[in-house]
Amino acid sequence: MLKKTLIQSLHFFSRSIPLPWLRALSGQRFISIFYHTISNQELPHIKHLYRVRNTTLFEQDLDYLLNFFTPIGITELIEAIYHEKPLPSNAFFLSFDDGLAECYHVIAPILKRKGIPATFFINSDFVDNKGLMFRYKASYLIEELSKQSIPHSKIAPFFKSYQLPFSDLKSSLLSVRWLQQNLLDDLAAAFDVDFNSFLKQQEPYLTQQEISQMIADGFTFGSHSQNHPTYNAIELKDQIQQTLLSQTYLKEVFQLPYQIFAFPFTDSGVSKAFFDKILGEEKFQLTFGGAGLKHETIQGQLQRFGMETQQLNSPKQLLHTEYCYYIIKSIFRKNTIYRS
């Protein structure tokens, strides 16, 4: 509630201030933004997680960005960080997480028409619809179990067996974490919800063929782990394995000449030891978090901010609020992430 109130207050404060003024005051001329997907259709595996922007809103976002920023690709960003090659004035970098099918069918055609480069971060275990990320399983279960009107008394024991509390269907399913995801499979099996059938019929993820075509069209790809764990909830060795094996898949199948990675969920709590092992010009050139407009003490680790939000719709609202949030944080010296 406090965060929602703050966002609303920042929007009210910032809406009359021209974006160039906010950008100059913040000193942040480069921005990195990300989405997951764009769709005009209701997506049951995402419906209960976050608001999906439609094509109209997405094109409004892009047009607004193009009025104030110059789009750049991953190669320009790598050259700027490691070889001090200047970026265009007021550059922005666009990326998409999770490797969802709309990236090929909806997003790429729009970006091609507007001449905007983008990078897509994929989970190697889910390419070709070989599996479904646990949060998408939760959303799909909410959708399907709600139709069945199953008494809570029949669902609660499943949560108890995993030592998890059960209240209502939606909040309880959305509280399930990566380490507990077998609970979702148990529920699906018990109540005839078929994830494999959904994967075959819906085809929510990109295929190898679609990725190859997007690469041929000039888009770039990076890894997003094998199967989307929360990194601060798993051991360092598992963080490294998830990262390296997902990138190995990309390198072997698509022969990419670069190595880049975006953290699933968050990079909060990830230690310096991870970056020492993974990051560097001869290793992964760049890694990306999602903490908004912030500085990093580690070369090659960059932060992005997401354009999918429950409170704000227009690109002006989103960008103005993010800049104001950054400016306020700078007063309290909260704009730099330090790793131990």
Side-chain angles (χ1 to χ4, degrees), residues 32-39 41-55 58 61 74 93-108 110-111 118-143 174 176-178 181 184 195 198-199 202-215 219-231 233-234 239 242-243 245-247 249-250 253-254 256 260-267 286-291 303-309:
S32 180
I33 65 174
F34 74 100
Y35 300 79
H36 290 85
T37 193
I38 303 296
S39 179
Q41 309 299 318
E42 187 175 87
L43 304 174
H45 55 298
I46 299 177
K47 177 180 177 180
H48 300 283
L49 302 179
Y50 54 84
R51 179 182 296 170
V52 173
R53 295 174 81 75
N54 60 34
T55 54
F58 182 53
D61 291 353
I74 197 68
F93 174 73
L94 177 63
S95 59
F96 297 82
D97 288 357
D98 290 4
L100 294 164
E102 293 77 24
C103 293
Y104 177 81
H105 296 287
V106 179
I107 296 166
I110 294 173
L111 296 180
T119 295
F120 299 83
F121 293 101
I122 65 173
N123 301 107
S124 54
D125 284 2
F126 304 145
V127 176
D128 286 325
N129 296 287
K130 297 189 299 290
L132 188 63
M133 194 260 283
F134 77 99
R135 291 284 284 172
Y136 294 153
K137 286 182 177 180
S139 179
Y140 186 61
L141 273 173
I142 293 167
E143 189 73 2
L174 293 182
V176 175
R177 297 296 175 250
W178 185 81
Q181 63 182 296
L184 304 174
F195 292 136
F198 171 75
L199 284 165
Q202 182 80 19
E203 296 185 335
Y205 290 105
L206 290 168
T207 66
Q208 283 191 24
Q209 183 177 358
E210 290 167 347
I211 294 170
S212 294
Q213 182 58 58
M214 291 175 71
I215 292 171
F219 295 109
T220 51
F221 281 79
S223 59
H224 196 46
S225 78
Q226 292 174 284
N227 49 34
H228 216 292
T230 305
Y231 267 46
I234 61 177
Q239 295 174 0
Q242 283 266 352
T243 307
L245 291 182
S246 61
Q247 185 61 35
Y249 166 83
L250 283 172
V253 176
F254 303 106
L256 300 180
I260 53 177
F261 169 77
F263 286 92
F265 296 120
T266 178
D267 59 311
L286 298 175
T287 56
F288 295 85
Q303 293 295 338
R304 308 171 294 167
F305 70 89
M307 296 289 281
E308 295 148 334
T309 175

Which value, rounded to the nearest 0.5 Å, describes the distance between His224 atom NE2 and Phe265 atom CZ? 8.0 Å

Stepwise side chain to side chain contact (heavy atoms under 4.5 Å, CB included) check, Ile46 with His36: CA-CA 10 Å; Ile46 299 177; His36 290 85; 5.9 Å; no

Within a strict 4.5 Å, meaning less than it, do heavy atoms of the Leu132 and Pro204 side chains meet? yes

Is any side-chain heavy atom of Phe134 less than 4.5 Å from a side-chain heavy atom of Asn227? no

Side chains of His45 and Gln202 only: does a donor on one sit below 3.5 Å from an acceptor on the other? no

Check: Gln226 and Tyr249 side chains under 4.5 Å, non-hydrogen atoms: no

Quick check: Phe126 with His228 (ring centres under 6.0 Å apart)? no

Ser246 side chain to Ser225 side chain, donor-acceptor N/O pair below 3.5 angstrom: no

Do Val253 and Gln208 touch side chain to side chain, with heavy atoms closer than 4.5 Å? yes

Non-hydrogen atoms of Ile122 and Leu250 that approach each other most closely: CD1-CD2, 3.4 Å

Using atom types as modelled and distance alone, determine if a side-chain donor or acceptor of Ser139 lies under 3.5 Å from a backbone N or O of His48. yes

Tell me the closest heavy-atom pair linking Thr230 and Trp178, and the distance in Å. N-CB, 4.4 Å

When rounded to the nearest 0.5 Å, the distance separating CG of Leu111 from CD1 of Ile38 is 9.0 Å

Rounded to the nearest 0.5 Å, how far apart are CD of Glu203 and CG of Asp128? 9.5 Å

Shortest non-hydrogen contact between Gly131 and Leu199, atoms and distance: O-CD2, 3.6 Å

Give the minimum heavy-atom separation between Ser95 and Phe121, together with the two atoms involved. CB-CE1, 3.7 Å

What I'd like to find out is whether the side chain of Thr37 reaches to under 4.5 Å of the side chain of Asp98, using heavy atoms alone. no

Interatomic spacing from OG1 in Thr55 to CD1 in Ile110 - rounded to 0.5 Å: 5.5 Å

Gln303 to Gly290 - nearest heavy-atom pair and separation: OE1-N, 3.1 Å

Pair Phe288 + Phe34: ring centers closer than 6.0 Å: no

In plain terms, say whether Asp97 and Arg304 are close enough for a salt bridge, that is, a side-chain N and a carboxylate O under 4.0 Å apart. yes

Heavy atoms, side chains only, cut-off 4.5 Å: are Leu174 and Arg135 in contact? yes

At their closest point, which heavy atom of Ser39 faces which heavy atom of Gln41, and how far apart are they? OG-N, 2.9 Å

Using 0.5 Å steps for rounding, measure from the CZ atom of Phe254 to the OG1 atom of Thr220. 13.0 Å

Would you say Leu100 and Ile107 make side-chain contact, with heavy atoms under 4.5 Å? no

On the 0 to 90° scale, with breaks at 30° and 60°, tag the Tyr35-Phe58 ring pair as parallel, tilted or perpendicular. perpendicular

Under 30°, 30 to 60°, or over 60°: which ring-plane class applies to Phe120 and Phe96, parallel, tilted or perpendicular? parallel

With side chain to side chain contact (heavy atoms under 4.5 Å, CB included) as the test, would you mind laying out the steps for Phe261 and Gln247 before giving the verdict? CA-CA 8 Å; Phe261 169 77; Gln247 185 61 35; 5.7 Å; no

Would you mind reporting whether Glu102 and Leu43 have side-chain heavy atoms less than 4.5 Å apart? yes

Checking Gln242 side chain against Pro229 main chain: does a donor-acceptor pair fall under 3.5 Å? no

Tyr231 and side-chain hydrogen bond (donor to acceptor under 3.5 Å, both in side chains): which partner among Asp267, Thr243, Thr266? Thr243

Taken to the nearest 0.5 Å, the spacing of Leu184 CG from Tyr136 OH works out to 14.5 Å

